[in-house]
Amino acid sequence: MAPTAQSKHGNQIAKPNGTNASFNPFYSPPPAVDFTEDYEYNKYKPTFPKVDWEPLTEFEVSDRGLRADPAKKALLSAATKVDHITPAIGTRLQGLDLRQLSDTQKDELALLVAERSVVVFEDQAISIHEQLELARSFGPLHKHATTAVPAEPGLEEVHVVYSDGSRPPDTTAYSQLELFHSDVTYEIQPPGTTSLKLISSPSVGGDTLWSSGYALYSSLSPFFQKYLESLSALHSAAEQAQGSRAAGTHVRREEIETIHPVVRVHPVTGWKSVFVNPGFTRKIVGVPKAESDAVLTFLFRQISENAEFQVRVRWSKNQVVFWDNRVKIVALTLCYIRFFPRKRHALRATPQAEKPLSVQEIAKDRQKEIWKSLGYDPDKQARGGTEASNDLVKAKVYND
Ligand SMILES: O=C(O)CCC(=O)C(=O)O
């Protein structure tokens with residue numbers, strides 16, 4: 001029986017019985033991993049523990065970016081260089097040590113990540129335990145139901161990205177477009193201020209592409225924007241779980257499907273972002289299938305093909321990248337596995353954020369209430385509201 005969708009946003013719906021065999025090749029099956037080689041990070045190599053976790057339930061979160069000074073002076077003035085990589089997305093900060101950030105700087109980092117979607121720090125000594133602690137200050141940490149966790153016990157909140165060339169990607173099974181995803185958007189409260197640290201880097205290849213949902217929204221005509229704002233989409237964990245089972249690894253939490261708004265409003269910036277991704281968004285609910293397919297295909301192609309919305313980051317060992325999973329869609333380029341089979345190893349900490357807010361839900365009064373509850377004068381402090389702020393992104397994309 002096909003899953004029955006409910007129309008309310010963020011509502012988990014019946015467990016799917018999907019039979020679509022395609023799944024994100026990036027996540028499974030697990031590579032054949034050699035734990036005996038002479039390598040400093042054997043303890044962080046991928047494992048798939050046989051444990052069972054309860055379904056996730058809803059909780060309140062307050063984004064620390066809401067407390068930040070809009071000018072972000074404490075953070076930006078401490079950096080030796082602030083480099084905006086593209087007009088729409090991506091900033092590189094130099095001269096900062098993530099282990100030394102003050103609470104004020106952490107608030108400002110949350111705001112900067114919310115505004116720029118991707119923020120890059122090079123050469124960071126931060127350990128995975130410190131990375132988790134920092135991440136926890138942004139929200140409760142997500143434990144992934146299917147992807148690898150490090151071999152070292154007690155690190156089940158870490159998502160391991162690992163390849164060593166022993167399992168070349170099957171390019172007959174998927175395209176680069178299908179690699180674009182936002183993390184675990186099938187969850188009721190998908191992640192926000194996410195961080196990934198690369199602990200082993202190939203000398204060339206393994207770049208990551210991020211595409212901005214703000215920029216995509218801003219590029220559309222007002223009519224199409226309004227149409228998208230009225231829609232909700234189904235996000236599914238089914239294929240990822242099926243992929244894991246097919247690969248013989250244990251699914252640690254039952255897969256779910258959740259409906260979210262197609263346009264979400266970031267609670268800190270007030271900006272609107274298109275919130276669909278090829279990895280997990282399966283259909284727009286309540287419209288004819290042909291219409292859903294056409295709209296999603298258009299949006300997915302814009303995400304994957306429109307270079308104006310994207311930043312491509314070349315990694316080096318010990319680089320940390322923060323991204324706001326609410327407003328970006330990411331794809332790893334796999335050419336380092338195909339052409340230069342070298343080790344690439346990274347550790348992710350993934351704080352969960354609010355249940356995605358639709359344009360209707362974030363009506364200005366609600367925004368003002370949030371500001372008031374934080375002790376701000378809502379008329380003076382609100383950062384633009386949704387309309388004005390998206391003009392800013394538009395300006396960034398088109399006028400710079
Ligand atoms: O390894 C990367 O660069 C990207 C990883 C990724 O897409 C993820 O953690 O969701």
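Positions are given from 1, in the same order as the sequence printed here.
- Using a 4.5 Å heavy-atom threshold, the side chains of Leu209 and Val330 count as separate.
- Between Phe280 and His235, the distance from one ring center to the other does not fall under 6.0 angstrom.
- Formation of a donor-acceptor pair under 3.5 Å by the Ser137 side chain with backbone atoms of Leu134 is found in this model.
- No side-chain donor-acceptor contact under 3.5 Å links Thr297 to the backbone of Ala294.
- In this structure, the side chain of Ser182 does not engage the main chain of Thr185 through any donor-acceptor pair within 3.5 Å.
- In the displayed structure, Glu60 atom CD is contacted under 6.0 Å by at most 12 heavy atoms of other residues, nucleotides or ligands.
- The residues Glu291 and Lys283 are annotated as not salt-bridged, no charged nitrogen and carboxylate oxygen being separated by less than 4.0 angstrom.
- Residues Glu115 and Lys72 are in side-chain contact: their nearest non-hydrogen atoms beyond the backbone lie under 4.5 Å apart.
- Ile256 places none of its side-chain heavy atoms less than 4.5 Å from the side chain of Pro55.
- A heavy-atom distance below 4.5 Å is not found between the side chains of Thr194 and Asp324.
- Salt bridge status for Lys45 with Asp164: absent, with no side-chain N to carboxylate O gap under 4.0 Å.
- Taking OG1 of Thr146 as the reference point, atom CD of Gln242 lies at 11.5 Å (rounded to 0.5 Å).
- The hydrophobic clustering, which links ILVMFWY residues whose side-chain heavy atoms are closer than 4.5 Å, places Leu101 and Val119 together.
- Salt bridge Arg348/Asp183: present, at least one basic N to carboxylate O contact under 4.0 Å.
- Residues Val251 and Ser244 approach most closely at CG2-CB, 4.0 Å, considering heavy atoms.
- Under a hydrophobic-cluster definition in which Ile, Leu, Val, Met, Phe, Trp and Tyr are linked whenever side-chain heavy atoms come within less than 4.5 Å, directly or via other members, Val61 and Val327 are assigned to different clusters.
- Judged by distance alone, the side chain of Gln189 and the main-chain N or O of Ala353 form a donor-acceptor pair under 3.5 Å.
- Proximity of a side-chain donor or acceptor of Ser236 to a complementary backbone N or O of Ala238 within less than 3.5 Å is detected.
- The closest donor-acceptor contact from the side chain of Glu108 to the backbone of Ala68 lies at 3.5 Å or more, if one exists at all.
- A salt bridge (Lys or Arg N to Asp or Glu O under 4.0 Å) with Glu122 is found for one member of Arg314, Lys317, Arg92, Lys81 and no other, namely Arg92.
- Across every non-hydrogen atom of Ile89 and Thr86, the tightest pair is O-OG1, 2.8 Å.
- Side-chain atoms of Ser195 and Gln131 form a donor-acceptor pair, as typed in the model, at a separation below 3.5 Å.
- No side-chain donor-acceptor contact under 3.5 Å links Gln240 to the backbone of Ala237.
- Residue Val118 comes nearest to Val321 through the heavy atom pair CG1-CG1, 3.7 Å, listed as atom of the first residue, atom of the second, then distance.
- Screening Lys143, Arg136, His144 for a side-chain hydrogen bond (donor to acceptor under 3.5 Å, both in side chains) involving Glu157 leaves a single residue, Arg136.
- For the pair Asp83 (side chain) and Ile85 (backbone), a donor-acceptor distance under 3.5 Å is absent.
- Two rings, from Phe298 and Phe224, have their centers less than 6.0 Å apart.
- Side chains of His266 and Glu354: no donor on one and acceptor on the other come within 3.5 Å.
- The cationic group of Arg344 lies under 6.0 Å from the six-membered ring centre of Trp315 and within 45° of the ring axis, placing it in a cation-pi geometry.
- Shortest non-hydrogen contact noted between Thr91 and Val82 is CG2-CG1, 4.0 Å.
- Under the 30°/60° scheme for interplanar angles, the aromatic rings of Trp210 and Trp323 are found to be tilted.
- Linking Ile, Leu, Val, Met, Phe, Trp and Tyr whenever their side-chain heavy atoms come within less than 4.5 Å puts Val295 and Phe309 in one cluster.
- Residues Tyr41 and Tyr44 place their aromatic rings such that the two centres sit under 6.0 Å apart.
- Remark: the Glu255 side chain and the Tyr186 side chain contain no N/O donor-acceptor pair separated by less than 3.5 Å.
- Counting only heavy atoms from C-beta outward, the side chains of Ile199 and Leu347 approach each other to under 4.5 Å.
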Run Lys355 and Glu361 through salt bridge (charged side-chain N to carboxylate O under 4.0 Å, His left out) and show every step you take. CA-CA 11 Å; Lys355 200 160 110 173; Glu361 285 158 328; over 6 Å; no

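- At a threshold of 4.0 Å, the pair Asp207-Arg312 counts as salt-bridged, since one of the basic side-chain nitrogens sits closer than that to a carboxylate oxygen.
- Shown here is Gln94, whose CD atom has more than 12 heavy atoms of other residues, nucleotides or ligands within 6.0 Å.
- Under a 3.5 Å cut-off, the side chain of Gln319 and the backbone N or O of Ser316 do form a donor-acceptor pair.
- Across Val276 and Val262, no two heavy atoms sit closer than the pair CG1-CG1, 4.2 Å.
- Taking the centre and axis of the six-membered ring of Tyr214, the NZ or CZ atom of Lys272 falls outside the cone set by 45° and 6.0 Å.
- Ser292 places no side-chain N or O within 3.5 Å of a backbone atom of Pro288 that could act as its donor or acceptor partner.
- Side-chain contact annotation: Tyr39 with Ser200, donor-acceptor N/O pair under 3.5 Å present.
- Within a 6.0 Å sphere centred on CZ of Phe223, other residues, nucleotides and ligands contribute 12 heavy atoms or fewer.
- Atom CD of Glu54 and atom CZ of Arg253 lie 10.0 Å apart (nearest 0.5 Å).
- Within the 4.5 Å cutoff, no side-chain heavy atoms of Thr147 are placed close to those of Val160.
- By the 4.5 Å heavy-atom criterion applied to side chains, Val184 and His142 are counted as neighbours.
- Across Gly279 and His181, no two heavy atoms sit closer than the pair CA-CB, 4.0 Å.
- Cluster annotation: Leu98 is not connected to Val120 through the hydrophobic network of ILVMFWY side chains, with a link wherever side-chain heavy atoms come within less than 4.5 Å.
- Hydrophobic clustering (ILVMFWY, side-chain heavy atoms < 4.5 Å, transitive): Leu228 and Tyr217 are in one cluster.
- Using a 4.5 Å heavy-atom threshold, the side chains of Leu96 and Phe121 count as touching.
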